[in-house]
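Structure, as structure tokens:
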Amino acid sequence: VQLQAFGGGLVQAGGFLRLSCVAPGRIVSSYDKGWFRQAPGKEREFVGGINRSGVRKYYSDSVKGRFTIRRDNAQNTVYLEMNNLKPEDTAVYHCGATLAGVLYRDRYAYWGQGTQVTVSS
């Protein structure tokens with residue numbers, strides 16, 4: 001099972017992008033979901049997470065106040081809306097599904113292939 005992430009691209013600093021992550025099947029769609037990112041030469045880091053009902057949301061300090069995570073369970077889709085983008089947000093963004101806590105990268109059961117986000121200064 002693989003999630004499908006898309007919506008990345010090239011944007012100027014201060015711009016906006018919306019990433020989408022589609023989870024095939026009703027089983028995976030009921031998991032908690034998270035977004036991570038990985039810049040060249042760096043480890044994959046947590047960006048944001050959302051529980052299965054969409055009530056509880058979590059963000060890293062570096063994106064809090066700029067990024068919003070939400071989900072549409074009817075469409076099996078999780079979104080990451082990124083406002084006021086900065087060059088340091090440049091990375092490959094990955095979505096994942098977990099039943100063991102959205103903060104813990106190693107506990108994710110499923111991952112998407114990643115989508116590139118590039119922010120120019």
Do Thr118 and Gln116 have side-chain heavy atoms sitting under 4.5 Å apart? yes
Could you report the tightest heavy-atom contact between Ala5 and Cys95, atom names first, then the distance? CB-SG, 3.9 Å
Does a side-chain heavy-atom distance below 4.5 Å link Leu80 with Val47? yes
Nearest heavy-atom contact between Ser121 and Ala13 is CA-CB, 4.4 Å
Side-chain heavy atoms nearer than 4.5 Å, only ILVMFWY residues, links allowed to pass through others: does that put Leu17 and Tyr59 together? yes
Are Gln113 and His94 packed together at the side-chain level, in the sense that at least one heavy-atom pair is separated by less than 4.5 angstrom? no
Joint hydrophobic cluster, Leu103 plus Ile69, side-chain heavy atoms closer than 4.5 Å: no
Leu19 and Trp35, any side-chain heavy atoms less than 4.5 Å apart: yes
Rounded to the nearest 0.5 Å, how far apart are CD of Gln4 and CD of Gln2? 7.5 Å
Geometric cation-pi criterion, Arg44 with Trp111: 6.0 Å, 45°: yes
Kindly work out whether a path of hydrophobic side-chain contacts (I/L/V/M/F/W/Y, heavy atoms less than 4.5 Å apart) joins Met82 to Val11. yes
Using a 6.0 Å cut-off, check whether atom CZ of Arg56 has over 12 heavy atoms from anything other than its own residue. no
Near-ring test Phe46/Tyr58, centroid separation under 6.0 angstrom: no
To the nearest 0.5 Å, what is the distance between OH (Tyr108) and CG (Leu3)? 10.5 Å
Greater than 12 external heavy atoms within 6.0 Å of Phe16's CZ: yes
Report yes if the side chains of Asn84 and Phe67 come closer than 4.5 Å at any heavy-atom pair, otherwise no. no
Heavy atoms only: give me the nearest Val119-Asp89 pair and the separation to one decimal. CG2-CB, 4.3 Å
Please report the interatomic distance CG(Asn76) to SG(Cys21), rounded to the nearest 0.5 Å. 10.5 Å
Taking all atoms of both residues into account, what is the closest heavy-atom pair of Ala39 and Thr90, and its distance? CB-O, 3.8 Å
Donor-acceptor under 3.5 Å (Asn73 side chain, Arg52 main chain): yes
So do the side chains of Thr98 and Tyr104 get within less than 4.5 Å of each other, counting heavy atoms only? no
With rounding to the nearest 0.5 angstrom, report the CZ to CG distance, Arg66 to Asn83. 9.0 Å
Just by distance, no angles: are the side chains of Arg37 and Tyr93 close enough, under 3.5 Å, to form a donor-acceptor pair? yes
Please assess Arg71 against Lys33 for the test side chain to side chain contact (heavy atoms under 4.5 Å, CB included), listing each intermediate value before the final yes or no. CA-CA 9 Å; Arg71 66 191 295 165; Lys33 300 292 185 352; 3.2 Å; yes
Check whether any side-chain heavy atom of Arg70 sits under 4.5 Å from a side-chain heavy atom of Glu81, and report yes or no. yes
Aromatic rings Tyr31 and Tyr110: how do their planes relate, parallel, tilted or perpendicular, breaks at 30° and 60°? tilted
Do the side chains of Ile50 and Val78 get nearer than 4.5 Å, heavy atoms only? yes
Does Ser20 use its side chain to pair, donor to acceptor, with the backbone of Tyr79 at less than 3.5 Å? no
Quick check: does any side chain N or O of Thr77 sit under 3.5 Å from a backbone N or O of Gln75, one acting as donor and the other as acceptor? yes
